[in-house]
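Have a look at the structure below before the remarks.
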Amino acid sequence: MLRIVYAAIAGGLFAAGLVLSGMVLPAKVQGFLNLGGLWDAQRFGPWDASLAFVMGGALLVTLPAFALTPPTARRPARKPWAAMAFQLPTRKDIDTRLVLGAALFGVGWGLAGYCPGPALASVLTGGAAVAVFVAAMLAGMAIAKRL
């Protein structure tokens, strides 16, 4: 039960951060991903650097939090506050599926202006476009699990 409370608090803080930072606004995200604006703002539109500060702020919070994670007697390595261990990926190789998945994610993020977290954070306020995006995302996740 305590893990659910921690997850709800963390999810609420994450969603609030996404809303406050503007990451739930597709135009703002697309402005950040518009790297052509760095070289030719007249042709491609201006580049919006504000989300780089959001990422820097996230690092300022995350790095001390990881440093403060507690060790245990059984596991001297650090662990999350509400779990027995970090669940980190064990695979280290880069294969075609990973590259194609990353490319699809990037193209989808650039076209729609949403990635999964901001889409879920704005599903109640974003209208039909967000609902369609989340439905397509969930369908894609279900299909990917079957592959």
Side-chain angles (χ1 to χ4, degrees), residues 1-38 46-147:
M1 180 65 181
L2 194 56
R3 290 185 64 191
I4 294 172
V5 171
Y6 284 143
I9 291 170
L13 283 172
F14 183 61
L18 293 172
V19 170
L20 289 173
S21 68
M23 286 195 70
V24 296
L25 303 171
K28 189 167 193 69
V29 173
Q30 290 167 331
F32 176 72
L33 297 174
N34 177 23
L35 296 179
L38 287 170
W47 180 61
D48 183 355
S50 62
L51 292 185
F53 294 102
V54 173
M55 293 176 200
L59 280 175
L60 289 175
V61 172
T62 302
L63 293 177
F66 272 96
L68 295 173
T69 55
T72 63
R74 277 189 317 151
R75 302 188 122 203
R78 301 209 178 262
K79 69 171 201 66
W81 287 94
M84 291 302 296
F86 282 108
Q87 295 181 6
L88 301 173
T90 55
R91 287 185 57 181
K92 304 288 184 199
D93 60 321
I94 297 173
D95 62 3
T96 304
R97 290 182 62 194
L98 177 65
V99 172
L100 287 176
L104 279 172
F105 179 88
V107 168
W109 192 26
L111 289 174
Y114 284 114
C115 64
L120 290 175
S122 60
V123 75
L124 295 177
T125 60
V130 175
V132 169
F133 179 89
V134 169
M137 177 181 74
L138 294 175
M141 293 167 73
I143 291 169
K145 277 194 168 195
R146 292 179 176 245
L147 296 178

Grab the two heavy atoms, one from Trp47 and one from Leu35, that are nearest each other, plus how far apart they are.
NE1-CD2, 3.8 Å

For Ser122 and Val24, the nearest pair of non-hydrogen atoms, with its separation, is CB-CB, 4.0 Å

Given side-chain contact (heavy atoms from CB on, under 4.5 Å), test Leu111 with Gln30 step by step and report yes or no.
CA-CA 8 Å; Leu111 289 174; Gln30 290 167 331; 5.7 Å; no

Heavy atoms only: give me the nearest Val123-Val134 pair and the separation to one decimal.
CG2-CG2, 4.1 Å

Taking atom CG of Leu68 and atom CG of Leu63, what is their separation to the nearest 0.5 Å?
11.0 Å

Output for pair (Asp48 CG, Lys28 NZ), nearest 0.5 Å, gives 4.5 Å

How many angstroms lie between CE in Met55 and CE in Met23, if you round to the nearest 0.5 Å?
5.5 Å

What distance separates Leu18 CG from Leu25 CG, expressed to the nearest 0.5 Å?
11.0 Å

Atom CG of Leu138 and atom CD1 of Ile143: how far apart are they, to the nearest 0.5 Å?
11.0 Å

Drop me the distance from Phe32's CZ to Trp109's CH2, to the nearest 0.5 angstrom.
6.5 Å

Give me the atom names and distance for the closest heavy-atom approach of Pro26 to Ala112.
CB-O, 3.4 Å

Using a strict 4.0 Å threshold on nitrogen-to-oxygen distance, state whether Asp93 and Arg91 make a salt bridge.
yes

I want to check something: taking the side chain as every heavy atom from C-beta on, are Arg97 and Leu147 in contact at a cut-off of under 4.5 Å?
yes

Residues pairing under ring pair (Phe, Tyr, Trp, His ring centres under 6.0 Å) where one sits in residues 114-134, two or more places apart or in two chains, turn out to be Tyr114-Phe133

Are more than 12 heavy atoms from other residues, nucleotides or ligands located less than 6.0 Å from atom CG of Leu59?
yes

To check you understand the geometry: which heavy-atom pair defines the closest contact between Phe105 and Cys115, and what is its length?
CZ-CB, 3.6 Å

